[in-house]
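To start, the structure itself, in C-alpha cells.
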Amino acid sequence: MGKNAIDFQNVIGKEAIIKHLTTAVIQNNVSHAYIFQGEDGSGKLFVAKIFAKALECETIQKALKNGEALSNINPCGICASCKKAESGNHPDIHILSHEKASIGVDDIRIQINQDIQIKPYEGKYKIYIIPDAERMTEQAGNALLKTIEEPPGYAILLLLTDNIYRMLPTIQSRCVQIPFKPVAQKLVKQYLMEQHHIPDYLAEISARFSQGNIGRAVRYAINEEFLEVKEHILHVLRYIDEMSVQEIIAAVKKMAAHKGEINDYIDLMLLWYRDVLMLKVTNNPNLLIYSQEIKWLREQSKTRSYENIETIIEAMETAKMRIRANVNFDTTVELMVLKIKDSKQ
C-alpha cells in the first residue's frame, strides 16, 4: 500500500480506535451510529473512510460469512468494492455535503433520511459520513435524530466533529463516541520522515508545532507558503510591543490570503504565548516549543503579567471561535490585536 492508501496500516497513533472498530466488525457488533470527536487534522475523516471501506470489503465479508477466524480487519484494496471506495465512487458510501456554513434540515432529509430507505445497491451496509456534524442546525439535528433512533439494519452513520458539545445531547447519547487524541510527538516525526521524506530538523519542528495532530504536522512540513507566513508571524510576535496597532493589523492581515489556514496561524501565535507563560512559570527552556526564540520569549516573560498572558490567549481562542462561526475576518483580527495591545496597558 502507498502512503495515501485508504488502509488501517497508514493510520498513525490510533491503535485503540482501530482495535475498537475492527473488533466490532469481527464480532458482528457494529453500532448503527458513531461520533468521531477530535480537532481538524486528527484523522477523523481518514479513519471513517477506512472503516467504511472495510465494512464493504468483499474479501472481509466473505471470510466472515464463511466463519473464518480473523485476527484483524484491513480492507483488501483488491476487490471491486475496495476499488470503488478508494476512488470515492462506491454507491453505498455517502459523504454528506452542504453549500452553506451550516448543515440544514434539507441537507439531512435529502442526502440521508430519504436515501437511507433504499436498500444497499451492492454491499452489506449503507454508510453515511457527516463531516462537521457540529454545524447541523437544531432542525437538522432533530431530523437526523429520528433516523438514529430507528435506523434500517443496514445503515451506519459516522458523525465527525471537532466540538461534540455543539451537537444535540440526544444525538450524543445515542451514538458510540470515539475520541481522537493527540499522537505522540516521536510518532509524528517518524511519520513525516518515513512517509513524506521530510528532513530530520524540519520533521522535529513540525512535530513540535503540531501538538500531536498529524494533518497539521504535514501542513507545517510541506507547505512552503506556510513556512514563510510562520516567519512573518514570528517577526510580529518578537516586536509586537514596539509596533502600533495599525502596524500589527496590517501585518496580521497579510494572512488574509491564506484564510483556509488561519486557525493554524493563530495556533502558532497561541503557542508563542503559551511558551511565554511556561517560561514565566518554570523558567525551563527545555519545555518550550519555540526553543530557538528563547531570547524574545524570556524578555516577554519578564515584562508580561500572568493576567496579561491569559487575556491574550483568551482573545486568540475567541478569534478562532468567531472565524469558525464565519464572523467577518477583518473585524475578528482587529479585535484580537486590540485585545493584545490593550492587555498590557
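Atom set for the values below is all heavy atoms of this structure, side chains included, hydrogens, waters and symmetry mates excluded.
- Judged by distance alone, the side chains of T161 and N163 never bring a donor and an acceptor atom under 3.5 Å apart.
- Judged purely by distance below 3.5 Å, without hydrogens or angles, the side chains of D92 and Y154 never pair a donor atom with an acceptor atom.
- Side-chain contact, N308 with S305: no donor N or O sits under 3.5 Å from an acceptor N or O.
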Item to complete: Mind running side-chain contact (heavy atoms from CB on, under 4.5 Å) on M193 and K189 for me, showing each step along the way?
Response: CA-CA 6 Å; M193 294 180 67; K189 178 182 177 181; 3.8 Å; yes
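- At least one donor-acceptor pair under 3.5 Å links the side chain of K14 to the backbone N or O of K181.
- No more than 12 heavy atoms of other residues, nucleotides or ligands lie within 6.0 Å of CD in E314, so this atom counts as exposed by the packing criterion.
- A distance-only check finds no donor-acceptor pair linking the side chain of N89 to the backbone of K84 [under 3.5 Å].
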Item to complete: I would like to know whether E317 and R274 meet salt bridge (Lys or Arg N to Asp or Glu O under 4.0 Å); could you show each step before the answer?
Response: CA-CA 12 Å; E317 294 287 7; R274 284 173 179 157; 2.8 Å; yes
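- Under the 30°/60° scheme for interplanar angles, the aromatic rings of H196 and Y191 are found to stand perpendicular.
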Worksheet item: Can F51 and V25 be said to form a side-chain contact (heavy atoms from CB on, under 4.5 Å), step by step?
Response: CA-CA 9 Å; F51 188 38; V25 177; 3.7 Å; yes
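- Annotation: Y306, atom OH; neighbour count of heavy atoms from other residues, nucleotides and ligands within 6.0 Å is above 12.
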Worksheet item: Going through the checks in order, is the side-chain contact (heavy atoms from CB on, under 4.5 Å) test met by Q211 and I289?
Response: CA-CA 10 Å; Q211 299 287 283; I289 292 175; 3.0 Å; yes
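- A salt bridge does not link E150 with K146: none of the charged nitrogens is closer than 4.0 Å to a carboxylate oxygen.
- Checked by atom type, the side-chain pair E293/W272 shows no donor-acceptor distance below 3.5 Å.
- When atom types are taken as modelled, the side chain of D107 and the backbone of I103 share no donor-acceptor pair closer than 3.5 angstrom.
- Between F209 and Y290, the angle of the ring planes lies from 30° to 60°, which puts this pair in the tilted group.
- Listed for the N74 side chain is a donor-acceptor partner under 3.5 Å among the backbone atoms of F8.
- Of the possible donor and acceptor atoms, one in the side chain of E56 sits under 3.5 Å from a partner among the backbone N and O of K124.
- In the model, N328 has no side-chain atom that pairs as donor or acceptor with a side-chain atom of R322 under 3.5 Å.
- Looking only at atom types and distance, the side chain of T147 has a donor-acceptor partner in the side chain of N113 under 3.5 Å away.
- Classification of R216 and E39 as a salt-bridged pair holds, one side-chain N sitting under 4.0 Å from a carboxylate O.
- Side-chain atoms of N223 and R219 include no donor-acceptor pair closer than 3.5 Å.
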